Amino acid sequence: MGEIIITGVSGQDGSYMVDYLLENTNHNIYGGVRRLSVKNHQNIKHINHPRFKLIDLDVTDPVNITGVIRNIKPDYFINLAANSFVGSSWEMPINHYQTNALAVLHQLEAIRQYCPSCRYYNAGSSEEFGDVQYSPQDEKHPLRPRSPYGAAKASARHLVKVYRESFDLYAVQGWLFNHESERRGEEFVTRKITKGIARIAHQLDLEKHMVGVVGGIKPLNLGNLDAKRDWSHAEDFVYGIWLMMNQNEPKDYVLSSNETHSVRDFVNAALEQAGISGEWTGKGINEKFVHNGKVLVEVNPQFYRPAEVELLLGDSTKARDELMWEPQNDFKTLVSRMYDNDKIKV
Ligand code: GDD
């Protein structure tokens with residue numbers, strides 16, 4: 001029985017990682033959470049287990065990180081704490097750099113000094129590929145980030161590699177393409193869509209039953225509908241991370257579905273799941289989805305980014321061949337799981 005520290009445990013990935021490890025290992029898990037005046041433990045409220053303990057951990061505080069690593073001397077350190085919303089990284093670039101890059105350096109340094117046999121994972125991102133040169137993107141694709149978020153993750157990747165090679169640490173950083181779930185934050189486009197379409201479906205239903213909707217139906221506002229992403233279910237990725245941490249040699253891998261879909265495709269899949277028909281009209285900022293003369297979805301330039309990653313499509317062949325990793329949820333299953341979870345029950 002060993003000790004595992006997971007940072008960012010109340011987030012989507014952290015919570016699925018705890019579920020996976022409690023079920024599939026016998027290790028003790030220390031879940032790091034940032035102290036907040038109002039707790040946000042929604043994603044971990046179902047976890048009540050003698051091998052799981054919450055600890056205060058702020059990854060931007062090196063004193064805190066060093067103290068925790070020195071005291072617990074973990075066998076595994078899984079860094080899932082991040083400022084993960086790309087869209088906010090232009091407004092708070094320093095915060096993104098501190099949380100997503102500098103914090104990684106502090107963790108590596110504390111592990112090097114106090115616990116060099118600890119196996120370390122940092123959450124890397126397909127956003128590091130950014131302005132892509134070829135598709136699909138594999139482990140050899142150059143790092144060409146397009147946002148302060150992507151630049152911070154790319155910087156962390158170099159640090160992980162340098163510490164691995166300089167100090168012989170088992171330190172890895174996966175390239176995880178977009179991964180979503182019923183536990184996804186509402187600022188990300190997938191959850192925004194499934195929640196938004198669920199709200200609209202409910203309002204259409206009320207109208208149909210003559211209950212009426214005061215003020216009409218508020219359309220779902222989105223930014224770039226043409227952006228393409230390689231979306232998977234987060235549940236499939238946490239076990240890929242665990243496989244990456246348990247190889248003979250530390251190596252970085254891409255995890256992806258190997259399919260790409262536009263934001264518009266995601267909206268269409270959610271509409272289909274909700275049983276709402278209609279058509280897209282207009283182009284660019286005038287594009288709309290109309291159902292029985294009602295606008296249900298429209299473009300709002302407020303959600304455009306200063307620089308966009310237009311296309312992401314992963315090639316996870318290496319992980320599938322070497323780790324024997326295989327995702328279980330396809331695109332349609334992902335959308336239907338998320339939509340069904342957000343559907344308003346009456
Ligand atoms: N969030 C958001 N909101 N995105 C929108 C919207 C909107 O209203 N409309 C269009 N989009 C587009 C964005 O411009 C982007 O191209 C795409 O939808 C996906 O945006 P997000 O869901 O915010 O995710 P992301 O791709 O920027 O980043 C996610 O995936 C990365 C891996 O590639 C995050 O999970 C990152 O933390 C992760 O590293």
Side-chain angles (χ1 to χ4, degrees), residues 8 11-14 16 79-92 95-96 99-101 122-132 135-137 141 143-157 173-181 183-197 219-234 237-238 240-241 254-257 259-268 270 284-285 287 289 297-314 316 334-335 338:
Q12 168 187 267
D13 296 3
Y16 280 117
N79 185 37
L80 303 177
N83 202 334
S84 58
F85 184 41
V86 176
S88 74
S89 72
W90 283 272
E91 279 90 52
M92 39 178 91
N95 172 288
H96 274 258
T99 314
N100 299 345
N122 186 47
S125 165
S126 47
E127 280 289 309
E128 296 167 50
F129 298 136
D131 183 16
V132 302
S135 281
Q137 295 85 51
H141 191 283
L143 306 184
R144 295 162 57 89
R146 294 270 282 164
S147 60
Y149 168 90
K153 287 285 180 184
S155 171
R157 173 168 307 279
Q173 171 159 323
W175 276 277
L176 270 52
F177 280 66
N178 296 50
H179 44 291
E180 318 293 313
S181 74
R183 301 183 193 170
R184 189 55 145 153
E186 291 174 28
E187 65 276 37
F188 297 95
V189 77
T190 53
R191 191 75 197 284
K192 186 174 167 184
I193 293 168
T194 56
K195 284 218 67 138
I197 299 297
L220 170 63
N221 277 216
L222 294 170
N224 182 5
L225 296 173
D226 293 315
K228 289 183 146 185
R229 289 291 182 275
D230 178 330
W231 279 297
S232 297
H233 197 288
F237 278 20
V238 294
I241 294 172
V254 161
L255 296 184
S256 61
S257 76
E259 273 182 32
T260 193
H261 298 271
S262 67
V263 171
R264 191 185 297 97
D265 293 339
F266 200 103
V267 177
N268 284 332
I285 58 166
E287 189 166 356
F289 180 84
V297 184
E298 65 189 8
V299 171
N300 183 342
Q302 180 196 328
F303 298 106
Y304 286 164
R305 292 178 178 174
E308 177 67 284
V309 172
E310 294 293 346
L311 164 75
L312 287 174
L313 169 61
S316 49
L334 169 70
V335 181
M338 290 180 70

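Ligands are counted one by one from 1 in listed order, and the atoms in each one are counted from 1 as well. If you're wondering where the values come from, they're calculated on a predicted model, not measured in any experiment.
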To which protein heavy atom is [atom] closest, and what is the distance rounded to 0.1 Å?
{"atom": "atom 37 (O) of ligand 1", "value": "S84 O, 2.6 Å"}
{"atom": "atom 31 (C) of ligand 1", "value": "S125 OG, 3.7 Å"}
{"atom": "atom 38 (C) of ligand 1", "value": "Y149 OH, 3.5 Å"}
{"atom": "atom 33 (O) of ligand 1", "value": "S126 OG, 2.5 Å"}

Using a strict cut-off of 4.0 Å, indicate which atoms of ligand 1 neighbour a heavy atom of [X].
{"X": "K192", "value": "7 (C), 8 (O)"}
{"X": "F303", "value": "8 (O)"}
{"X": "V263", "value": "12 (C), 18 (O)"}
{"X": "R229", "value": "15 (C), 16 (O), 19 (C), 26 (O)"}
{"X": "G223", "value": "6 (C), 8 (O), 9 (N), 10 (C)"}
{"X": "V86", "value": "27 (O), 28 (O)"}
{"X": "N224", "value": "9 (N), 10 (C)"}
{"X": "E308", "value": "13 (C), 14 (O), 15 (C), 16 (O)"}

Checklist entry - Which distance, rounded to the nearest 0.5 Å, do you find between the CZ of F188 and the CH2 of W231? => result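 Between F188 CZ and W231 CH2, I get 13.0 Å after rounding to 0.5 Å.
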- Would you check, one step at a time, whether the test side-chain hydrogen bond (donor to acceptor under 3.5 Å, both in side chains) holds for S257 with D230? CA-CA 6 Å; S257 76; D230 178 330; 2.6 Å; yes
With a 4.0 Å cut-off on heavy atoms, is [X] in contact with ligand 1?
{"X": "R184", "answer": "yes"}
{"X": "D230", "answer": "no"}
{"X": "Y304", "answer": "no"}

message: I want to check a possible cation-pi pair here: R183 against Y16, using under 6.0 Å from ring centre and within 45° of the ring axis as the test.
response: yes
Q. Quick one: does NZ or CZ of K192 land under 6.0 Å from the six-membered ring centre of F266, within 45 degrees of the ring axis?
A. no
Output yes when R146 and E127 qualify as a salt bridge under the 4.0 Å nitrogen-oxygen rule, no when they do not. no
* Could you tell me whether E308 and R229 make a salt bridge, using a distance below 4.0 angstrom between a side-chain N and a carboxylate O? =>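 Salt bridge between E308 and R229, a charged N being under 4.0 Å from a carboxylate O: yes.
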Task: Flag for S89-E91: side-chain donor and acceptor within less than 3.5 Å - done: no
Q. Among side-chain atoms of H96 and S88, is any donor-acceptor pair under 3.5 angstrom?
A. yes
Whether the side chain of [X] engages the backbone of [Y] through a donor-acceptor N/O pair (distance < 3.5 Å, no angle test) should be reported.
{"X": "E186", "Y": "R191", "answer": "no"}
{"X": "H261", "Y": "E259", "answer": "no"}
{"X": "S155", "Y": "A151", "answer": "no"}

| message | My understanding is that we take every heavy atom of each candidate and find the minimum distance to atom 20 (O) of ligand 1. Doing that for R305, K228, E187, K153, which one comes out nearest? | response |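 It is R305 that holds the nearest heavy atom.
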Checklist entry - Which of these, V189, N178, V309, has its nearest heavy atom closest to atom 24 (O) of ligand 1? => result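 Ranked by closest heavy atom to atom 24 (O) of ligand 1, first place is N178.
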Self-check item: Under-4.0 Å heavy-atom contact with ligand 1, by part of L176 that carries it
Solution: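 L176 to ligand 1: backbone contact only, side chain stays beyond 4.0 Å.
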